[in-house]
Amino acid sequence: MILGSDRSPSRPAAIAYSPPWRPSLPLLLSSLSLLSLLYLLLSSRAPSPGGRFVTDAELSALVRAEVSRALVPHLSASSASNLAGVPSSPDHAALGFVVAQVPESERLRVLVTGGAGFVGSHLVDRLMVQGHEVIVLDNFFTGRKKNVAHWESHRNFQLISHDVVEPLMLEVDQIYHLACPASPPHYQYNPVKTIKTSTMGTINMLGLAKRVKARMLLTSTSEVYGDPQVHPQPETYWGNVNPIGPRACYDEGKRVAETMMYAYEKQSGVEVRVARIFNTFGPRMHPNDGRVVSNFIIQALQGKDITIYGQGEQTRSFQFVDDLVDGLMKLMNGGYSQPVNIGNPQEFTVKKFAEHIRELTKSTSKIKYLPATEDDPTQRRPDISVAKRELNWEPKVDVKEGLVKTIEYFQSVLDEGGEIVPTGQGAVKPKGYKAPSGR
Ligand SMILES: O=C(O)[C@H]1O[C@H](OP(=O)(O)OP(=O)(O)OC[C@H]2O[C@@H](n3ccc(=O)[nH]c3=O)[C@H](O)[C@@H]2O)[C@H](O)[C@@H](O)[C@@H]1O
């Protein structure tokens with residue numbers, strides 16, 4: 001179900017459905033050939049790497065997971081494997097989705113703000129497959145309906161077009177509060193709005209959490225450490241942030257959002273969780289997002305120059321989106337309420353990363369050096385001891401493995417849509433975004 005805001009936040013009005021996603025003929029054919037190959041391989045009863053033969057049940061589970069991946073756009077591998085063997089939901093069997101049947105008493109109502117965005121939509125997939133009722137709230141500034149369109153007819157799913165800056169009344173058990181543009185060119189486009197999103201948006205969600213006694217998780221960021229003087233960064237590090245620089249609208253917005261979380265916990269007893277997310281990549285990243293992973297892959301795949309800002313000696317540590325979703329859900333459902341870094345400590349200089357992408361894409365793109373961006377952090381790597389100890393979480397997907405999947409995704413986007421001009425430096429509105437009148 002998709003609802004649209006009539007600017008009266010508590011009474012969203014219906015808007016038109018976008019047609020459900022249908023697989024294109026070439027995609028179906030390539031998926032069918034993949035399936036035949038899988039069948040031939042497995043039915044020849046080759047021993048598995050562990051020396052066992054593949055059983056019929058395993059074969060059918062693998063085939064179902066592959067069908068799911070073929071039919072649902074950019075379903076992540078782990079979501080697909082979660083589907084295998086789970087009882088079918090009649091609503092989504094046709095799409096290859098298998099949603100767990102959860103008794104009413106165990107089913108949660110989960111609100112995901114920013115749920116139509118890159119990270120949010122992967123989280124929504126996982127929650128839906130677990131059989132929960134999921135309400136997605138998005139203002140579609142950087143989020144896209146197509147990221148969650150495959151759920152639109154499911155009875156457990158609701159999409160509300162709404163801006164978190166406006167209050168909202170709902171009955172929910174858990175709130176994953178993701179809403180906020182995260183790419184520097186996009187969060188700098190309208191810095192006042194970015195600040196409002198992190199401050200007023202978080203206050204609104206905390207007010208809701210307080211009223212309905214929901215547990216609330218804030219997706220904070222590694223950017224609360226600013227340009228860190230301590231490396232790697234533990235949660236106990238207070239950071240080095242320029243409060244009036246171009247990144248401040250985001251960094252300081254998230255810092256005050258964290259402050260509000262703990263103030264509501266202390267003063268009103270709201271159950272809070274805070275994840276500090278480090279650089280994340282994967283399928284469904286916006287191709288015009290302007291961040292390093294999407295830019296380098298798109299440039300390399302098209303043979304365009306790979307643009308490095310500065311000398312490329314600055315470092316980042318990259319995690320695949322599936323790992324992040326695991327971490328967020330463990331944090332939400334565990335007993336630890338202090339901030340937790342969720343990231344993959346595999347660290348690269350930006351220059352090394354550019355070379356890595358060039359190799360993986362077999363590209364002949366040249367590297368082009370552009371001026372450094374103002375206040376760009378010089379180093380970033382998470383200390384994940386707390387996540388390991390308190391959540392029993394650590395990343396499972398190797399960066400290279402995640403990049404291969406992401407490259408496949410961007411290749412399919414290029415195949416479908418043609419040339420992409422990546423977003424460069426400086427503040428810019430997300431491509432395709434039209435501000436509602438009066439804003
Ligand atoms: O991806 C993320 O998860 C993080 O991305 C950004 O932080 P930042 O690390 O600055 O992200 P990028 O824009 O991807 O930049 C990473 C590095 O690559 C460089 N870069 C970026 C793009 C490009 O085309 N070329 C290039 O050299 C940047 O200057 C920077 O040093 C956001 O601010 C974070 O909130 C978010 O968590």
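Hydrogens, waters and symmetry mates are skipped; everything else that's a heavy atom, side chains included, is used. All ligand and atom numbering here is 1-based and tracks the order in the structure.
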Taking the basic N atoms (NZ, or NE/NH1/NH2) and the acidic carboxylate oxygens, is any pair closer than 4.0 Å for [X] and [Y]?
X	Y	result
Arg126	Asp326	yes
Asp227	Arg247	no
Asp138	Arg144	no
Lys193	Asp163	yes
Glu223	Lys254	no
Asp125	Arg284	yes

Taking only heavy atoms of [X] into account, list the atoms of ligand 1 that are under 4.0 Å away from them.
X	answer
Gln314	29 (O), 31 (O)
Arg247	7 (O), 8 (P), 10 (O), 33 (O)
Thr373	29 (O)
Tyr187	33 (O)
Arg380	7 (O), 8 (P), 9 (O)
Val350	17 (C), 18 (O), 27 (O)
Gly290	22 (C)
Thr280	1 (O), 2 (C), 3 (O)

Got more than 12 heavy atoms from elsewhere within 6.0 Å of [atom1], [X]?
X	atom1	value
Lys304	NZ	yes
Gln311	CD	no
Glu171	CD	no

(request) Return the option from Phe281, Tyr250, Tyr309 holding the heavy atom at the smallest distance from atom 26 (C) of ligand 1. (result) Tyr309
(message) Looking at non-hydrogen atoms alone, which of Gln311, Arg291, Lys351 comes nearest to atom 1 (O) of ligand 1?
(response) Arg291
Take every heavy atom of [X], measure it against each atom of ligand 1, and state whether any distance is under 4.0 Å.
X	answer
Gln425	no
Pro184	yes
Ser183	no
Phe318	no

(request) Determine, step by step, whether Gln299 and Thr307 satisfy the side chain to side chain donor-acceptor pair (under 3.5 Å) criterion, reporting the C-alpha distance in whole Å, the side-chain angles of both residues, the deciding distance to 0.1 Å, and the verdict. (result) CA-CA 8 Å; Gln299 288 162 340; Thr307 53; 2.9 Å; yes
Specify the protein heavy atom at minimum distance from [atom]: its residue, its atom name, and the distance to 0.1 Å.
atom	value
atom 25 (N) of ligand 1	Thr307 O, 2.7 Å
atom 28 (C) of ligand 1	Asp376 OD2, 3.5 Å
atom 32 (C) of ligand 1	Ala182 O, 3.0 Å
atom 34 (C) of ligand 1	Glu223 OE2, 3.5 Å
atom 16 (C) of ligand 1	Arg316 NE, 3.6 Å
atom 37 (O) of ligand 1	Thr221 OG1, 3.8 Å
atom 3 (O) of ligand 1	Asn279 CA, 3.0 Å
atom 15 (O) of ligand 1	Val292 CB, 4.1 Å

(request) Please list, chain by chain and in numerical order, all residues satisfying side-chain hydrogen bond (donor to acceptor under 3.5 Å, both in side chains) with Asn341, sequence neighbours excluded. (result) Tyr225
(request) Only one of Arg380, Gln319, Arg291 passes side chain to side chain donor-acceptor pair (under 3.5 Å) with Asn279; say which it is. (result)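 In the set Arg380, Gln319, Arg291, the residue that makes a side chain to side chain donor-acceptor pair (under 3.5 Å) with Asn279 is Arg380.
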(message) Please identify which of these residues, Arg276, Arg255, Glu258, His177, meets the side chain to side chain donor-acceptor pair (under 3.5 Å) condition with Ser220.
(response) Glu258
